[in-house]
Student: 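Below you will find the structure I want to go over with you.
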Amino acid sequence: MSIFDYFASKTADELERRPPAPTPYRKLALALNQASEDAKAQYPDDSETVDDFVRALKEICKIRCKKTPGADPQPMKAEAQFFLSKDRMSAYACLLPPENDGAGITLEEFLMEMRYEGINCGILQQDIQREIECGYLRIFPTARGTLPQAGENGKVTELFQRWERACLDAQADGLVDFSQDIQMQPIRKGTAICMMQPPVEGTNGLDVTGQILPCPQSDSVYIPQGENTAVSEDGQALTASVDGILYIEDDLFCVQEQTLVDGDLGRLREPWKVSGDLYIQGNVDGGAVIVATGNIVINGKVGQARITSVDGTIRVQQGIYGAAGSTFLSAARQVQSPVVEQAEISAGVSVIAEMIVNSTIHCDGTVYAMTGRGMITGSLIRAGDSILCLNIGNLAEGRNRFSVGYPPHSPESWNQLKTELAETKSILKKLLASIADLRRKGSRISDMEKSVLERLVEQRNLYMEKQSSLAAELSILDELLRKRSNGRIQCQKLHPFLEVQIGKLTQEIVTEEENCNIHAVDSWILLR
């Protein structure tokens, strides 16, 4: 290769490696790339929108820079280009510069062009003016839509516990935990049960074109309104419409209507009769006489009082501490109290206690003392079914009298009838003897003696009728008491003395015994 050829080829390689002169389009493209980087740095959340806008701008610039061969360059006015984000919540703009001494663009013209493009909401007026003053080939936001603002759902604030309806009657095992207050919430008429906050409606949004973006629907408040409750006039509270006990049922607040006494109940001028259930927050004493057709709950103690539940149960939370001949409780179903002391109790189903001391109990069902000390001492108990306890008597001994397996008044009635029949027979025998003495006088009887004889005969007839009636009643009770009984007395510890009656069988237990299951078999009373 000659020296000339060497230098010629080297010059040609240098020309090939030298970058071509920048074209108008290339200049615009480079400027747009820089504008894109600046915009994405300032508005990183809109990076995708900016990239899409730059691609569209480059296509526009290609057309803008394309020249017709042989034609003279024409002035080209500055041009505003706009772009919407995919969700139409942002609008961006870019000013392309004028060419060949073309005219610029004013703020008013820019805003008019934007309005023609349908961008008419959320206009960033001050930002636009500032950006226009900064020059051409800048990418900047011109409008921002407003997102819908969610409201607030309705809200309920409950002011009471969600306790289920209390069932007073204990189950067949006779276990009641007197250490825990019974779960009952007394409430007065008009008292607020819960407060309601109505829903707050949200605010609709707008995209930059003015399209409404509806806000989510706020949920209305759910009012847990059940029986005997009402919504206040302002709609902000659920209240009790009667006095009673508040409870929850099927996710609704309900009020079981009943009479409420907030404090103690003492001496009353006359018997107090209540229709339905009765709740007494304090003590009952002072000889008060109370009759309720439904359940009676006494949250305190009972002293000297006469209390009757015609169709329900009596629950005394803190114990019965009565006085002989002055304290009586009668319930169609159950009587429940941790302590029964110096009281007379009558119950149709069962009596449940932890201690029964110096009391008289008549119960058609079973008497239980199976929790706490579980002790019965110094008491007369007649149970139609059984007596179940932990201890009978105590170290100081004392006398208990129990009968089981028959209607509770049958043994007493049987003994009473036997006594009364014996007395009737005795009187009738005396009458018959006196009548016979007077009749033996024959014609020698005086008028006064005749009158006496007539009265004695009348009395004899009456006593003979009474004897027949008593004998018939006694025969019925005899038949009842002769039937086999499944009644039993169970205890872990028995202290003397215990007098047991099962039907017509009686036995006195004078020894200390353990793990007793006292019951009747044929003509015997067995301890185990």
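Remember, it's a predicted structure, so these values are computed and weren't measured experimentally.
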Student: Which residue is it: I290, L278, I307? I am looking for the one with a side-chain contact (heavy atoms from CB on, under 4.5 Å) to I298.
Tutor: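 Of I290, L278, I307, side-chain contact (heavy atoms from CB on, under 4.5 Å) with I298 is met by I307 alone.
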
Student: Take atom CG of D101 as the centre, draw a 6.0 Å sphere, and report whether it contains more than 12 heavy atoms from other residues, nucleotides or ligands.
Tutor: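 Count not over threshold, so no.
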
Student: Could you go through R188 and D243, starting from their C-alpha distance and side-chain angles, then the distance that decides it, and tell me whether this counts as salt bridge (Lys or Arg N to Asp or Glu O under 4.0 Å)?
Tutor: CA-CA 4 Å; R188 289 289 184 183; D243 290 349; 3.0 Å; yes

Student: Would you say the side-chain atoms of Q342 pair up with the backbone N or O of V357, donor to acceptor, closer than 3.5 Å?
Tutor: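 No.
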
Student: Find out whether C389 and Y368 are in side-chain contact, i.e. whether some heavy atom of one side chain is under 4.5 Å from a heavy atom of the other.
Tutor: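 A side-chain contact is absent here, since even the closest heavy-atom pair is not under 4.5 Å.
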
Student: Where do I105 and A78 come nearest, in terms of heavy atoms and distance?
Tutor: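 Shortest heavy-atom separation between I105 and A78 comes out as N-CB, 4.1 Å.
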
Student: S337 side chain to V339 main-chain N or O, any donor-acceptor pair under 3.5 Å?
Tutor: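 Flag set: sc S337 to bb V339 pair under 3.5 Å.
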
Student: Applying the salt bridge (Lys or Arg N to Asp or Glu O under 4.0 Å) criterion to R144, which one of D207, D46, D45, D87 satisfies it?
Tutor: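 It is D46; the other options fail the test.
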
Student: State, yes or no, whether a side-chain contact exists between V231 and Q225 at a heavy-atom distance under 4.5 Å.
Tutor: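 The answer is yes, as the side chains (C-beta and beyond) meet within the 4.5 Å cut-off.
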
Student: Does one side chain, of D169 or T313, offer a donor that lies under 3.5 Å from an acceptor on the other?
Tutor: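 Looking only at side-chain atoms, T313 and D169 do form a donor-acceptor pair, the distance falling under 3.5 Å.
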
Student: N204 side chain to C215 main-chain N or O, any donor-acceptor pair under 3.5 Å?
Tutor: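 Between the backbone of C215 and the side chain of N204 there is a qualifying donor-acceptor contact (under 3.5 Å).
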
Student: Only counting residues at least two apart or in another chain, list the ones meeting salt bridge (charged side-chain N to carboxylate O under 4.0 Å, His left out) with D51.
Tutor: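 Here the qualifying residues are K40.
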
Student: Is there a donor-acceptor contact under 3.5 Å from the side chain of D250 to the main chain of L252?
Tutor: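 Checking the backbone N and O of L252 against the side chain of D250, no donor-acceptor pair under 3.5 Å is found.
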
Student: Give the C-alpha distance, both sets of side-chain angles, the deciding distance and a yes or no for side-chain contact (heavy atoms from CB on, under 4.5 Å) between M89 and L213.
Tutor: CA-CA 10 Å; M89 294 301 292; L213 306 176; 3.5 Å; yes

Student: Considering all heavy atoms of both residues, which atom of T327 and which atom of Q304 are nearest to each other, and what is their separation?
Tutor: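 The answer is OG1-CA, 3.6 Å.
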
Student: For the backbone of P148 and the side chain of T203, can you confirm whether one donor and one acceptor N or O come within less than 3.5 Å of each other?
Tutor: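 No.
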
Student: So does D219 get a backbone contact from the side chain of N153, meaning a donor-acceptor N/O pair under 3.5 Å?
Tutor: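 Yes.
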
Student: Counting distance only, does the side-chain N/O of N228 pair as donor-acceptor with the main-chain N or O of V255 below 3.5 Å?
Tutor: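 Indeed, once roles are kept as given, a pair shorter than 3.5 Å links the two residues.
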
Student: Do S386 and R488 pair up side chain to side chain, a donor and an acceptor below 3.5 Å, judged on atom types alone?
Tutor: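 The answer is no; no qualifying pair exists.
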
Student: Would L390 and M375 count as a side-chain contact (heavy atoms from CB on, under 4.5 Å) here? Give the steps.
Tutor: CA-CA 6 Å; L390 301 180; M375 185 178 72; over 6 Å; no

Student: Give the minimum heavy-atom separation between L28 and E99, together with the two atoms involved.
Tutor: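 Nearest heavy atoms, L28 then E99: CD1-OE2, 4.4 Å.
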
Student: Where is the tightest heavy-atom contact between Y279 and P186, given as atom of each residue plus distance?
Tutor: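 It is CE2-CG, 3.7 Å.
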
Student: Decide yes or no on side-chain hydrogen bond (donor to acceptor under 3.5 Å, both in side chains) for D38 and Q34, but give the supporting numbers first.
Tutor: CA-CA 6 Å; D38 294 342; Q34 184 60 50; 3.1 Å; yes

Student: Scan side-chain atoms only and decide if Q81 and E79 contain a donor-acceptor pair under the 3.5 Å cut-off.
Tutor: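 Per modelled atom types, Q81 and E79 side chains form a pair under 3.5 Å.
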
Student: Are any of the side-chain heavy atoms of I119 and T209 separated by less than 4.5 Å?
Tutor: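 Not in contact.
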
Student: Roughly how far apart are S309 OG and Q334 CD, rounded to 0.5 Å?
Tutor: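 Separation between the atoms: 11.0 Å.
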
Student: Working to the nearest 0.5 Å, report the span between CD of Q318 and CG of N283.
Tutor: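 Answer rounded to 0.5 Å: 6.5 Å.
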
Student: Any side-chain heavy atom of L175 within less than 4.5 Å of one from T371?
Tutor: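 The answer is yes, as the side chains (C-beta and beyond) meet within the 4.5 Å cut-off.
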
Student: Is it the case that R162 places NZ or CZ above or below the six-membered ring of F253, under 6.0 angstrom from the centre and within 45 degrees of the axis?
Tutor: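 Yes, cation above the ring, under 6.0 Å and within 45°.
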
Student: Would R373 and E354 satisfy side-chain contact (heavy atoms from CB on, under 4.5 Å), going step by step from the backbone distance to the final call?
Tutor: CA-CA 6 Å; R373 295 189 66 182; E354 294 181 348; over 6 Å; no

Student: Are there more than 12 heavy atoms of other residues, nucleotides or ligands under 6.0 Å from atom CG of D251?
Tutor: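 Yes, because the 6.0 Å sphere around CG of D251 holds more than 12 heavy atoms from other groups.
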
Student: If every non-hydrogen atom of V176 is compared with every non-hydrogen atom of A170, which pair is closest and at what distance?
Tutor: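 Between these two residues, the closest heavy atoms are CG2-CB, 3.7 Å.
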
Student: Applying salt bridge (charged side-chain N to carboxylate O under 4.0 Å, His left out), name anything that partners E109, two or more places apart in sequence or on another chain.
Tutor: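 Partners of E109 by the salt bridge (charged side-chain N to carboxylate O under 4.0 Å, His left out) criterion, ordered by chain and then number, come out as K77.
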
Student: Is there side-chain contact between V340 and V335, with at least one heavy-atom pair below 4.5 Å?
Tutor: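 With C-beta onward as the side chain, the pair stays apart.
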
Student: How about I345 and I320: do any of their side-chain heavy atoms sit closer than 4.5 Å?
Tutor: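 Counting from C-beta outward, I345 and I320 do come under 4.5 Å.
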
Student: Below 4.5 Å, heavy atoms only, C-beta onward: do Y136 and P98 meet side chain to side chain?
Tutor: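 Yes - at least one pair of side-chain heavy atoms lies under 4.5 Å apart.
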
Student: Sequence neighbours left out, what passes side chain to side chain contact (heavy atoms under 4.5 Å, CB included) with L206? Give chain and number order.
Tutor: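 L206: side chain to side chain contact (heavy atoms under 4.5 Å, CB included) contacts with C121, T146, I212.
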
Student: Mark yes or no for whether S379, through its side chain, and S359, through its backbone, hold a donor-acceptor pair below 3.5 Å.
Tutor: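 Answer holds: yes.
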
Student: Quick one: does any side-chain atom of Q126 pair with a main-chain N or O of R130 as donor and acceptor, under 3.5 Å?
Tutor: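 Here the side-chain-to-backbone pair does not exist.
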
Student: On the 0 to 90° scale, with breaks at 30° and 60°, tag the Y92-Y43 ring pair as parallel, tilted or perpendicular.
Tutor: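 Judged by the thresholds at 30° and 60°, the geometry between Y92 and Y43 is perpendicular.
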
Student: Measuring from N517:CG to Q490:CD, what's the distance to the nearest 0.5 Å?
Tutor: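 Spacing of CG (N517) from CD (Q490) equals 4.5 Å.
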
Student: Under the criterion side-chain contact (heavy atoms from CB on, under 4.5 Å), I'd like the reasoning laid out for L168 against I182: C-alpha separation, chi angles, the key distance, then a yes or no.
Tutor: CA-CA 9 Å; L168 283 184; I182 187 169; 3.0 Å; yes

Student: Return the set of residues passing salt bridge (charged side-chain N to carboxylate O under 4.0 Å, His left out) with D285 (not counting sequence neighbours), or none when no residue passes.
Tutor: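 Per chain and number, D285 pairs via salt bridge (charged side-chain N to carboxylate O under 4.0 Å, His left out) with no residue.
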
Student: Answer yes or no: does atom NZ of K58 have more than 12 heavy-atom neighbours from other residues, nucleotides or ligands under 6.0 Å?
Tutor: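 Enclosed.
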
Student: Hey, could you give me the SG/OH distance between C167 and Y247, rounded to the nearest 0.5 Å?
Tutor: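 The SG atom of C167 sits 13.0 Å away from the OH atom of Y247.
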
Student: Roughly how far apart are L57 CG and L32 CG, rounded to 0.5 Å?
Tutor: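 That separation rounds to 5.5 Å.
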
Student: To the nearest 0.5 Å, what is the distance between CD1 (I392) and OG1 (T377)?
Tutor: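 If we round to the nearest 0.5 Å, I392:CD1 and T377:OG1 are 10.0 Å apart.
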
Student: Is there a side-chain contact between S36 and V54 in this structure, where contact means two heavy atoms from C-beta onward sitting under 4.5 Å apart?
Tutor: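 Yes - at least one pair of side-chain heavy atoms lies under 4.5 Å apart.
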
Student: What's the shortest heavy-atom distance between A93 and T142, and which atoms?
Tutor: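 Scanning both residues, the minimum pair turns out to be CB-CG2, 3.3 Å.
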
Student: Is there any salt bridge (Lys or Arg N to Asp or Glu O under 4.0 Å) pair reaching into residues 292-303, and which pairs are they, with sequence neighbours excluded?
Tutor: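 Residue pairs with at least one partner in residues 292-303: there are none.
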
Student: Give a yes or no on whether the ring-centroid distance for F110 and F82 is below 6.0 angstrom.
Tutor: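 Close enough - the centres of the two rings lie under 6.0 Å apart.
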
Student: If the condition is salt bridge (charged side-chain N to carboxylate O under 4.0 Å, His left out), which residues does D277 pass it with, not counting sequence neighbours?
Tutor: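 Listed in chain order: nothing, the list is empty.
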
Student: Does atom CZ of R267 have more than 12 heavy-atom neighbours, drawn from other residues, nucleotides or ligands, at distances under 6.0 Å?
Tutor: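 It does not: R267 CZ has 12 such atoms or fewer within range.
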
